[in-house]
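In what follows, chains carry the letters A, B, and so on, assigned in the order in which the sequence lines appear, proteins first and then strands, with residues in each chain numbered from 1.
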Amino acid sequence: MDTSARQKIPLNSLSPRQLMELDACTRCGECMKWCPIYAVDRSADLIPGNRIAALRKLLKSQHGIRARLAAGNRISKEEVERLIEVLYECTTCGQCHFVCPARIDTVELWEDLREAVVEAGLGPLPDQAEYLRVLKKYENPFKEPRENRGIWVQRGLEQGTLYRDLPLITESPQPVLFYLGCTASYNTEINLVAQWVANLMHYAGVRFGVLGNQENCCRGKLRRMGDGDFAAKAAENIDLLNSLGIDTLVTNCAGCFKTIFQDYPRIKKINFKVYHAIEYVDMLIRERRLQPVNLVPMKVTYHDPCHLGRHNGIYDAPRRVLQAVPGVEFVEMERIRQNSRCCGMGGGLKMGFPEIQTLASAERIREAERTGAEAVVTPCPTCFLGLQAGAARAESDISARHLMELVNISVFGR
Amino acid sequence: MSPFGTDLIYYKPWLYFVIIQTLGLTIFIIGMADNLNFYFRGRARSFRNSPGFAAMIKIFLHEVLLQRQLFTRGFFRWLNHILIFWGFLGLLSLSAIGVLLKIVPGDAAFYQFFTAGSGYLYYKFVGDLAGLMVLAGAVSALIGRLRAAPGSNIDTRFSDTAALGILVVLVLTGFMLESLRLAAAPGDPAAQYSFVANFMAGFIEGGQVPRFLMTAFWTFHATLNAVFVAYLPFSKLAHVFAAPAEIVINASEEQLRGDLYGYLR
């Protein structure tokens, strides 16, 4: 049975450059060597080069001279379905872009292709579609009511983990907005990360506030999985953030950071600077407004989150922070910086292929183990969760720690 | 003797040549037009930032002409590809000169240079050098692909083998033709410039090669050339145009990010 002719994939969301990229790939195989997902699921059609070849065959069979010559009829429903599946069995980590001799911009290509297949009604995968439905309905992926988004402040104060109250920026305008994102707002373990950041910013004398219950999801997952509503939903958020009169937005979530810093300005102009919390803390340390003075005796290695590293070139700030913590013995893994192995948490892979994600994290943990470190640290809450699961899967003694925890201990001694 | 002077040695069906090359070229043009039509069906913006011409020029030199990004991936991968790339460009240039010689008047300096002047010697030398480069690169790449162990970072399909295979056969038949010509008409003072063909001619010198076989060889070579040209836009060989364009566009978009273009430092 042929479905390709009926479910033609539109090319509106793709650029001439991206369609040309399909011809630029020579299937040289370099991406095969580096792909973190192919490393754990040895299915040949997952290799980025093969994915591009299959997409080229499908799209050219639907558009242009080959479509008129009815070549498209040679592509079966099963082939199309598998192609959609492999398009989503990817973390969009961008490693293939960095090793591609033709410099194909794969992250943008995968995301825009996903948008095209969603427009054609062929994607995302069922579990991902459900995730996005929940996200749009509840404004978070956890089905939590909006009124619970800001209760962490009170809880933190009561538990003594948050040292000072935080003003709502809508009631008390501040120059800096601390934007938490969904996971830090609702997941109690990751919320601690937000509290550590808040404590550090207070200590450094930063005047900042939060949005509390008025904070929206950044909607980045819509973009990552190709949901066509992303632009409109992001524009709503941009309008809200632009109306606050802030000059700086700081977020502790690498995914939110990528979305606000990289995706939002492509939709609408933003009137504030955007920092990931680790960059901001690095800046505060360098300005001597924060001084990590207490010893944290620990041998650690560092995991570069894709959204900070490859996607935004933030490699040095977290390493500087780590090395500023006295007592820390820092060792690098074999694959670092632009070649850092993805932990599998990005691009919606976890929603569609949770088992593959855990295997990818376990691979990263094994790399960390080889350094002899006691802990692998990262400044991304999502990678942190992924690495924790990976350590359990790999039955490793190494622990996953959030980098902000180490800074918090070193600054406050607790 | 001009590059077309072998007409005197054996019969060349030029009418067939013109027809088959025109056909090959027509299919090539249709294929390229179809590719361009396909690319420009995309409606999103190709450039998100203002074009960075300095970065584009710099990367064109480093990554298209010198292919330094491939060098960082491995010396032999770079060597194979750079041999094919520069050899292919050399042969393409000689083909262009060959076509021009058919067009320009006989008393033009350009014509005289390549038929009666030292240009003929350069033509012969560059032809063999470029052919040898393509042959060495393509054979090495083909061996690399065919001998790659399962699970290595090469996944070879028929289209990969076909592209390299056509190149190898095309160049080999070119050398064969030239060596047959030299063997059939010994004493060519320019023979040493066709150094590969001259070497090969040594093996057949004195032997009687039937003229019809030389004509058949010539016809096969011409046909294969037309097939190669026609196949180009429909195969992975389309990267010949698309990859350099992509490399240059990316250089502009990423403006020489240190983590991507680190080898430049």
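- Of the atoms belonging to E108(A), it is side-chain heavy atoms, and not backbone ones, that fall under 4.5 Å from chain B.
- The choice from N339(A), I47(A), L14(A), D105(A) that makes the most heavy-atom pairs within less than 4.5 Å of chain B is L14(A).
- A heavy-atom distance below 4.5 Å is not found between the side chains of F88(B) and L91(B).
- Among residues 234-248 of chain B, the residues having any heavy atom closer than 4.5 Å to a heavy atom of chain A are, in sequence order, F234(B), K236(B), A238(B), H239(B), A242(B), A243(B), A245(B), E246(B), I247(B).
- Classification of the F195(B)-F125(B) ring pair by plane angle, with boundaries at 30° and 60°, yields tilted.
- Using a 4.5 Å cut-off between heavy atoms, R48(B) contacts chain A through its side chain alone, with no backbone atom that close.
- In this structure, R219(A) does not pair ionically with D263(A), as no charged nitrogen and carboxylate oxygen lie closer than 4.0 Å.
- Contact of the F38(B) side chain with the L11(A) side chain is registered, since non-hydrogen atoms from C-beta on lie closer than 4.5 Å.
- Counting only heavy atoms from C-beta outward, the side chains of T223(B) and F220(B) never approach each other to under 4.5 Å.
- F257(A) and F261(A) have parallel rings, their planes meeting at less than 30° on a 0 to 90° scale where 60° marks the start of perpendicular.
- The existence of a salt bridge linking R319(A) and E332(A) is confirmed by a sub-4.0 Å separation between a basic side-chain nitrogen and an acidic carboxylate oxygen.
- At a threshold of 4.5 Å between non-hydrogen side-chain atoms, the residues I104(A) and C25(A) count as touching.
- For chain B, no part of A116(A) is nearby; none of its heavy atoms comes within less than 4.5 Å.
- Contact check on R114(A) versus E111(A) returns no salt bridge, with no Lys/Arg side-chain nitrogen under 4.0 Å from an Asp/Glu carboxylate oxygen.
- D282(A) places no side-chain N or O within 3.5 Å of a backbone atom of R320(A) that could act as its donor or acceptor partner.
- Of residues 170-177 of chain B, no residue lies under 4.5 Å from chain A by any heavy-atom pair.
- Only the side chain of L22(A) comes within contact range of chain B, with at least one heavy atom under 4.5 Å from a heavy atom of that chain.
- With respect to D112(A) and R223(A), a salt bridge is recorded, a charged nitrogen being found less than 4.0 Å from a carboxylate O.
- Using a 4.5 Å cut-off between heavy atoms, L260(B) contacts chain A through both its backbone and its side chain.
- Interface residue E254(B): only side-chain heavy atoms are found under 4.5 Å from chain A.
- With contacts defined as side-chain heavy-atom distances shorter than 4.5 Å, the pair H276(A)/H307(A) does not qualify.
- Contacts from residues 55-66 of chain B to chain A, taken as heavy-atom pairs separated by less than 4.5 Å, involve E63(B) in sequence order.
- Shortest non-hydrogen contact noted between A317(A) and E279(A) is CB-CA, 4.2 Å.
- The contact between D34(B) and chain A is made entirely by side chain atoms (from C-beta outward), counting heavy-atom distances below 4.5 Å.
- Residues N50(A) and R157(B) form a side-chain contact, since some pair of their non-hydrogen atoms from C-beta on lies under 4.5 Å apart.
- Using cut-offs of 30° and 60° on the angle between ring planes, the pair H81(B) and F85(B) is parallel.
- Interface summary for chain A: among L36(B), T72(B), D160(B), N37(B), the most heavy-atom pairs under 4.5 angstrom belong to D160(B).
- S43(A) is linked by a side chain to side chain contact (heavy atoms under 4.5 Å, CB included) to D41(A), D45(A), L46(A), R82(A), counting only residues two or more places apart in sequence or in another chain.
- Under the 4.0 Å criterion applied to side-chain N and carboxylate O atoms, R364(A) and D304(A) are not assigned as salt-bridge partners.
- Using a 4.5 Å cut-off between heavy atoms, R310(A) contacts chain B through its backbone alone, with no side-chain atom that close.
- Of the atoms belonging to R266(A), it is side-chain heavy atoms, and not backbone ones, that fall under 4.5 Å from chain B.
- The part of S13(A) that comes within reach of chain B is its backbone (N, CA, C, O), which places non-hydrogen atoms under 4.5 angstrom from that chain.
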